[in-house]
Amino acid sequence: MASFNSVVRNQLVRWGPKMLGYRFTYRLARWLLALSRALEPRGSSRAAGWLTAQAMLDLALDQAEAAYAQGKAIWTTAFFPTELVYAFDFMPLPIEVVAAVIASMGLAPQMLNQADREWYSHDLCSFHRCAYGCARLGYLPRPRAMLSSSAICDGGPKLFRNLEHLEQEGMAASTSAPAHFLLDVPVLTGTDDLTSAVAYVADQLKEASAFLEELAGHRLSLEKLKQSLWLSNQARQWAVSANQLRQRYPGAISGQVTLNLLAVVFGGFGSDRARKVYQTLYQEIASSSPRPTRESELSRLLWLHVPPYYPHDIITSLEKELGAVIAFEELNDVYWPPLDLERPWESLAHKVLAHPSYGPPVRRLEHILRLAEDYHVDGVIQYSNWGCHQAGGSALMIQQALREQGLPMLVIDGDCVDPRDQSPEQVRTRLESFMEVLKGRQQSEVSSRH
Amino acid sequence: MKLVAGIDIGSLSTEVVLMEANSNRFREAKEPGPEHLAAGNPRLGRLDSILAFSVVLTGANIQKAMEQALEAALGKAEVDFSQVEAVVATGYGRRMVSFAQRTVTEITCHGQGAHYLFPQARTVIDVGGQDSKVIRLGPTGEVVDFVMNDKCAAGTGRFLEVMARALETDIVGLHRLADRARQAASISSTCTVFAESEVVSLIAQGRSRSEIALGLLQSVAARIAGLAGRVGVEPPVVMTGGVAKSNGIARILGDILGTPILVPPEPQIVGALGAALIARRMVAHEETNIS
């Protein structure tokens with residue numbers, strides 16, 4: 001007999017996309033969200049981070065409505081500057097975030113099976129395989145266009161190229177192909193000329209703008225672009241302030257909330273929703289009763305790369321049972337300077353090129369070492385998604401460099417989207433063992449002080 | 001007589017080690033000196049400080065296996081469970097031991113057990129049923145770093161078990177076969193299922209079972225050596241786990257790593273021994289606090 005969960009899942013798959021197509025669904029969802037906020041008494045026992053999670057849900061609802069009910073969605077890959085998309089009143093839908101949401105609902109296996117059937121190798125990134133299956137099965141409505149960036153991840157552009165090809169060949173369900181624009185980001189080495197790289201990317205961003213102008217049927221309003229950049233700067237400033245607080249009060253907000261901020265990093269900048277998320281985050285940390293974690297026995301962890309998104313208890317067990325806090329996440333760092341509203345193209349190009357994970361691995365390494373110092377971490381965890389070159393490729397180098405700094409690092413090779421490729425018990429043993437190492441070190445430090 | 005127990009519930013076997021809670025009786029036990037380590041003499045661990053131990057197959061019923069193992073160890077020592085002051089559980093089934101005062105992972109327990117038997121040990125390689133682990137130890141036996149195999153069964157006891165079955169023998173028989181080989185058959189597949197097919201093909205091609213057995217041991221050793229490379233190998237190296245009961249794999253691994261591998265007399269119980277040692281420290285700590 002089918003379990004309750006599988007019945008719910010099947011109904012979700014059957015009716016979910018249809019329900020998402022009605023604007024009424026979003027009105028109802030927003031009303032329910034507002035009601036839950038209103039009914040929540042102030043000073044109640046809700047966990048810090050609850051309001052931030054709600055603010056993220058607002059952004060997710062906007063994105064779902066744009067995709068399913070308004071036909072305004074533009075699929076993007078994780079590292080495309082979304083400020084440009086918001087300037088056209090389109091809605092960016094980061095395809096990796098879509099895969100993460102699908103995984104969190106327990107629907108990924110069905111999408112991955114479809115990708116398997118169409119020769120999308122099991123060895124490739126499961127985020128992109130899941131998104132592919134989702135698109136091919138028709139659970140995602142056709143976007144207005146697809147924008148990808150070659151920075152850091154090469155799976156996204158290839159996914160979009162594949163989907164574009166299928167449409168052009170008439171092998172997809174719809175009749176007109178959504179066009180794909182690829183932002184080609186040059187790899188910088190230490191000796192490269194940054195000025196010419198910025199000019200190269202800025203020129204392409206102008207081309208992307210022309211591409212979107214054609215799609216929108218009107219010219220880009222420079223005022224709208226400036227507004228989008230201004231909102232991006234607002235979100236950035238709140239993020240910087242929140243992160244500074246996190247340095248002082250690690251663990252004030254659960255890693256379950258902060259790790260989900262990646263959805264905003266990848267798809268929110270340029271919107272007022274992102275500003276609201278980070279402002280709420282700042283206020284929640286400031287008003288929570290932060291534990292003086294630096295002096296306590298809790299171990300502070302730096303999380304590298306991304307976590308798994310299907311239901312799991314990794315973060316809960318770390319925080320509730322194993323005496324750890326997620327002090328910070330690599331991908332939540334604000335690594336770029338404020339955008340210059342008078343030089344929008346160059347500013348955005350600078351932001352794209354400034355990502356520490358792009359270029360020689362030593363850039364990422366230096367970034368991680370700085371974060372480890374800034375957030376006073378005791379240990380580092382990287383969950384390497386199978387098929388992700390960016391995550392696994394530099395693991396050894398990072399581990400060795402951290403070891404020289406006296407910081408243990410745990411690398412878990414696993415899958416962030418496909419729960420079938422994971423043994424929870426084996427992961428649990430690795431986490432517990434790692435925490436035993438950290439606790440042992442802390443105890444010997446204490447005894448050597450006395 | 002107060003006792004402590006360490007219980008290691010692995011995927012393949014369950015082990016129990018009983019020790020006296022606070023006996024000084026075995027302090028005089030001879031520790032292996034550098035000369036023994038240099039000679040690669042593996043038989044000088046301090047196992048004589050163990051009161052009794054037992055090993056049973058875990059099977060499908062963890063609870064039953066645990067009870068059987070405990071009863072067997074208590075029976076050998078001719079003591080009663082009421083004398084057991086503290087129990088520490090380890091292994092993948094550690095959280096099933098409801099009467100354990102503490103659970104500790106097998107990484108820490110193998111580190112503690114290996115350090116107790118070979119105090120100079122700096123690297124421990126444990127090849128268990130479903131996991132292979134390489135553990136780097138500090139001077140006092142503390143775990144400095146570790147690495148475990150990923151989800152794949154290659155390089156684990158399970159791999160060898162499946163291959164031994166394909167050759168119609170068991171793991172001990174596999175080692176015996178390998179001892180007779182003059183050259184090894186090349187096994188290229190790391191996937192357990194593919195490797196099994198490869199073994200069948202090699203038999204069909206007329207390769208001798210002993211050559212295939214040696215090829216299999218070499219394949220597992222190469223896999224473990226690759227894992228060890230991630231954390232670095234610092235001698236002396238101790239090998240634990242049921243697979244180490246036959247010296248063949250330790251010898252091959254030693255050749256690859258360029259250092260002799262020390263194997264205690266009962267490599268399978270090192271995890272349970274580590275758990276018992278932690279239990280003993282817990283009792284000592286409690287007594288110190290009371291006094």
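Each chain gets a letter, A, B and so on, in the order its sequence line appears, and its residues count up from 1.
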As an exercise, state the distance from CD of A/E425 to CZ of B/R94, rounded to the nearest 0.5 Å. 6.0 Å
Taking atom CE of B/M148 and atom CG of A/L410, what is their separation to the nearest 0.5 Å? 10.0 Å
Select one option (side chain, backbone, both, neither) describing which atoms of B/V144 are under 4.5 Å from chain A's heavy atoms. backbone
Taking side chain as everything from C-beta outward and backbone as N, CA, C, O, which of these in B/Y92 sits under 4.5 Å from a heavy atom of chain A? Side chain, backbone, both or neither. both
Does atom [atom1] ([X]) have a neighbourhood of more than 12 heavy atoms from anything else shown, all under 6.0 Å?
{"X": "B/F99", "atom1": "CZ", "value": "yes"}
{"X": "A/K439", "atom1": "NZ", "value": "yes"}
{"X": "B/R230", "atom1": "CZ", "value": "no"}
{"X": "A/E321", "atom1": "CD", "value": "yes"}

Per-residue tally against chain B (heavy atom, under 4.5 Å) across A/R428, A/M435, A/M409 peaks at A/R428
Greatest number of heavy atom pairs closer than 4.5 Å to chain B - which of A/S433, A/G414, A/A395: A/S433
Apply the test side-chain hydrogen bond (donor to acceptor under 3.5 Å, both in side chains) to residues B/T105 and A/E436: give CA-CA distance (whole Å), side-chain angles for both, the deciding distance (0.1 Å), then the verdict. CA-CA 8 Å; B/T105 65; A/E436 284 168 4; 2.6 Å; yes
Set of side-chain contact (heavy atoms from CB on, under 4.5 Å) partners for A/R441, sequence neighbours left out: A/P408, A/V437
Counting only non-hydrogen atoms closer than 4.5 Å, does A/Q399 touch chain B with its backbone (N, CA, C, O), its side chain (CB onward), both, or neither? side chain
Whatever's closer than 4.5 Å to a heavy atom in chain B on A/E432 counts as both
Is there a side-chain contact between A/Q443 and B/E142 in this structure, where contact means two heavy atoms from C-beta onward sitting under 4.5 Å apart? no
